[in-house]
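Just below is one structure, and these are the notes that go with it.
Numbers here simply count residues along the sequence, with the first being 1. We count ligands from 1, going down the list as the structure has it; atoms in each ligand are counted the same way.
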Amino acid sequence: MMIADVFGCHERVHMAIWNTTLRLLFFCMWVLVPSRAYRSECRLELRKADCSHMNLNTIPQDLPEDISVLDVSHNRLVELKPSSLTRYHSLEQLDASYNNLKVVPAGLCQATPELWRLTLRHNEVHLLQDRDLRNCTRLIHLDLSDNRLRLNGEPFSGTENLAWLDVSRNKLTTARLGSRPQLPRLETLVLAGNDITDLKMDDFNFLSESSSFRTLALSSLPLKKVERGCFKPIAGLQDLVLNGCKLNPTLMASLCEELSETSLRNLSVQNTQQVILLTSTFKGLDKTNLTILDLSNNNMYRITDGAFQWFPMLEYLSLEQNNIKHLTNSTFLGLKSLRKLNLQSALAKGHTSPLPVIDDFSFQLLVKLEYLYMEKTSFREITENIFYGLPCLRELNLGWSSTGLKTVSNTTFASLKGSPLLQTLNLTGMGIKTLGPGAFSSMGNLKTLVLSHNYINQYLTGEEFQGLNSIQEIHLSFNQQMITLMSTSFIHVPTLRILMLGHALSPNLEMEPSPFRLLVNLTVLDLSNNNIANIKNGLLDGLQHLSVLKLQHNNLARVWKNANPGGPVLFLRNAQNLTVLELDYNGLDEIPTMAFQGLSQLKYLSISGNLLNFLHDSIFDDLWSLRFLRLQKNLLTSVRQETFKVPLSNLTELFMDHNPFDCTCESILWFYSWLNTTNTSVPDRAKIYICNTPSMYFNRSVLDFNPESCKDLVPFQAVYVITSTLVLGLMVIAFLVHFQGWRIQFYWNILVNRTIDINDSRFKRLVECRYEYKAYVVHAQQDKLWVERSLLPLEDKDFKFFLEDRDAMPGCSTLETIVDNMRMSRKIIFVVTEALLNDPWCRQFKAHHALHQVMEENRDSLVLIFLEDVADYRLTQSLMLRKGMLKRHCMVQWPLQKERIPAFRQKLQLALASSNRVS
Ligand SMILES: *[C@@H]1O[C@H](CO)[C@@H](O)[C@H](O)[C@H]1NC(C)=O
Ligand SMILES: *[C@@H]1O[C@H](CO)[C@@H](O)[C@H](O)[C@H]1NC(C)=O
Ligand SMILES: *[C@@H]1O[C@H](CO)[C@@H](O)[C@H](O)[C@H]1NC(C)=O
Ligand SMILES: *[C@@H]1O[C@H](CO)[C@@H](O)[C@H](O)[C@H]1NC(C)=O
Ligand SMILES: *[C@@H]1O[C@H](CO)[C@@H](O)[C@H](O)[C@H]1NC(C)=O
Ligand SMILES: *[C@@H]1O[C@H](CO)[C@@H](O)[C@H](O)[C@H]1NC(C)=O
Ligand SMILES: *[C@@H]1O[C@H](CO)[C@@H](O)[C@H](O)[C@H]1NC(C)=O
């Protein structure tokens, strides 16, 4: 009671939803239909003109004269004037269906002498007269269906080449289209959907001389009676279609009786209410050579044993969409030529009835059967001998059947042992939970095993596939991700070529050695939708024929990170023959530099829906066979030549939309130019390649990017180059001067010295011969050693230094000595050190005197040698000298570095040699 209530309620809800949906639908139609736009121009292609749906009421007169096909269907034509067609004298095919034509205009065929196909469906043609189709001798195909024909006289008597005539749904009450033999070449006559209740003896007399007549379609007729001999004039009949006629058992029996003298081969009696097949139902057909019998959609629930015994030549039998309850070992008696048996949805469980039953040995008699289609069939169980026999069976399809099969054990399909040719077994969607050891061991020649959409939940030890010695394809996709692989899983099936494991596996694929290592001929491997997070380098080792690898919708981001302990897992390293690689939706934010190395055969690469924002320069450089690249929905900002030149060079199709492109010269200019000029198909290239930055281009198409803006950069670049060169040059010079300046100066001095020597020396000697000493050296007592070591070597024969300790005449007063000798020295050298500055004697007197002399003669005779750094104020204090008073070249610094000493000497020589004249 409760349950019934619940169901009732459920149904009411359903009805409500349905009603609402319907109303919405009608509303939409009401809104949409009137607003439908008509086309304004005919479409022309080669010699075809398509003028349908244009609201025309006359034939357009502006089409090319040589058109051979004209379609004016779905317009408002009321009449078809032959004069309006004379222009198109080459017309071969004319379609004027869905108009308001009242007649087939007389003279139509005269106007269009080449016409062989005329279609006038869905018009209002009523009276069809002799003259209407006169001169239509070339007509082969005539469709007058869905009019309201009334024949007057013998309208078809002139159409002597007609092969195909359709007068269905015309409210005709008789099949008799003429009273004397005509239509000598007719092959097909379609009379479906008329009001014909009787087939009279002479109805088909008009076809008695049509030797090619083959096919008669009598679908959906309210047939009541078939007179004796009615098919006699068309004994050559091969195909008869009676779909949708209500053929009660008596009528069926008499029909078969009448057909017994025809050449019938193909009988279609779909939806004719054959709810029970009796042994006698088809008895009359025993003399025919029927090869195809279609009994689908008959709500049939019983087939009496032996009902098909009349069909020894039958090759194809369809029982699709019935309600059969029981198949026995005699149901298919006599079908010894049957090759295909279609039982899709043929057995069904009713609401109240128990599950249908297929007995053991039911198919035993079908010794030629090759294809057994049993999709969506419900039956109680797969018993031990259910498929016994069937020596020629090639394919068994049980997909989506409900049989209560939970475990496939080594006995389930044991009866297929007698079918050595079996190549394909389809067990899709059967609710299988477990595969036992040796489950398929009876199928040594099986090539394809489909186990998708089940609930298999187990460790695959490998024994499940034992005995599948020729297997090439195993499909295990969509199995709730509960299958756990082991290293041995495929150890018995090394012949595999295709292995589909999408949405099937538990996430761990880290076992070593890899479960796939023995599959040397594997070409397709689907591991998609498994949340796989951990894999090892060697996953694909040994699969040298692997061509298609599907890994989308996993979790491989970590595996490809550089930070991954042990480095990124380069699992593609041994799959060098890949042509298709799918890695979409893996959360990838990095691709290792070497990830795609060597994949020179790769044609299709798909990495969409990841988090990639940066791609290394050369990662795609080996992909020069690439034809299809999918990178949409990532975080790519730039598409640079360095990365994409190779993969985009010869692409057939690119998908890279929905990335946040940075439309700046640096990031996008190259891609923009490529996109603008490429012949590669880039769907919606103007719409879905959108800039994200900079703000100027935000939310605008990449193709809106202005490449001119990058040209302005050229002068800037030049300026940049020049300035940076200058700065660099200056820096180099500064460094040179800082560290090697002394050397430069040294060479400069040498140069200058030489010049002076050449020009001045003789003159100088003449003028300055009054001096006895080259220089008077003033130094502190502490610096004596330095003077002897460093200064004396500069003496030469002509010119000597005056050293107090050495050269002063013993006995002379110091003061006199100083004054005289200073006068006789060309220069006065102060060896400046702290010691000198602190020596009171030196400082007070010598300095004073020296200054005095300088004043007297000129100050340029002073040369200061600094042995230490001395502040200017100390110099002023002690010697009453300021550096500013002296010429730069007269102040020489004693260098700390040994290698600079020659330069110092040079400088000193120069200072000593310089003129004393004030310049
Ligand atoms: C049309 O048919 C008539 C006789 O039925 C014949 O006299 C006439 O020549 C034919 N016209 C053409 C163009 O074939
Ligand atoms: C099926 O397996 C069982 C053990 O699981 C074994 O005893 C039996 O021999 C097997 N049958 C066939 C036909 O292999
Ligand atoms: C792989 O394929 C080749 C060529 O078709 C065949 O000769 C070889 O036997 C196959 N190997 C296996 C293990 O099936
Ligand atoms: C480019 O691709 C076509 C096929 O799409 C191929 O025929 C052609 O050889 C390829 N060219 C280069 C340079 O790879
Ligand atoms: C891009 O295409 C437009 C028109 O199709 C053309 O005017 C323009 O010069 C092209 N730009 C480049 C860089 O090829
Ligand atoms: C595109 O195709 C045309 C004609 O087929 C060809 O002239 C042109 O060079 C191609 N452009 C590119 C970028 O390949
Ligand atoms: C981007 O432009 C489209 C139309 O071109 C508009 O519909 C959409 O709202 C815009 N999005 C943003 C975020 O401005």
- Please check atom 14 (O) of ligand 3 for a protein heavy-atom neighbour under 4.0 Å. yes
- Query: Just checking, any donor-acceptor pair under 3.5 angstrom between side chains of Ser547 and Thr523?
  - Reply: no
- Message: Could you tell me if Asn329 and Asp359 have a donor-acceptor pair between their side chains, going purely by distance under 3.5 Å?
- Response: no
- Please determine if Asp657 and Arg685 form a salt bridge, counting it only when a charged side-chain N lies under 4.0 Å from a carboxylate O. no
- Message: Tell me the protein heavy atom at minimum distance from atom 9 (O) of ligand 7, and give that distance in Å.
- Response: Asn699 ND2, 4.7 Å
- Nearest protein heavy atom to atom 1 (C) of ligand 3, by residue and atom, and its distance? Asn521 ND2, 1.4 Å
- Test side chain to side chain contact (heavy atoms under 4.5 Å, CB included) applied to Leu588 and Leu611, Ile607, Asn634, the passing residue: Ile607
- Item | Asp584 bridged to Lys633 by N-O distance under 4.0 Å | no
- Message: Is atom 4 (C) of ligand 2 touching the protein, meaning some protein heavy atom lies under 4.0 Å away?
- Response: no
- Note on the structure: of all protein heavy atoms, closest to atom 8 (C) of ligand 2 is Asn410 ND2, 3.6 Å
- Query: Does ligand 3 have any atom that is closer than 4.0 Å to a heavy atom of Arg497?
  - Reply: yes
- Taking the six-membered ring of Tyr371, is NZ or CZ of Lys340 closer than 6.0 Å to its centre and within 45° of its axis? yes
- Which ligand 3 atoms does Thr495 reach within 4.0 Å, using its non-hydrogen atoms? 14 (O)
- Exercise check, heavy-atom protein proximity under 4.0 Å to atom 11 (N) of ligand 2: yes
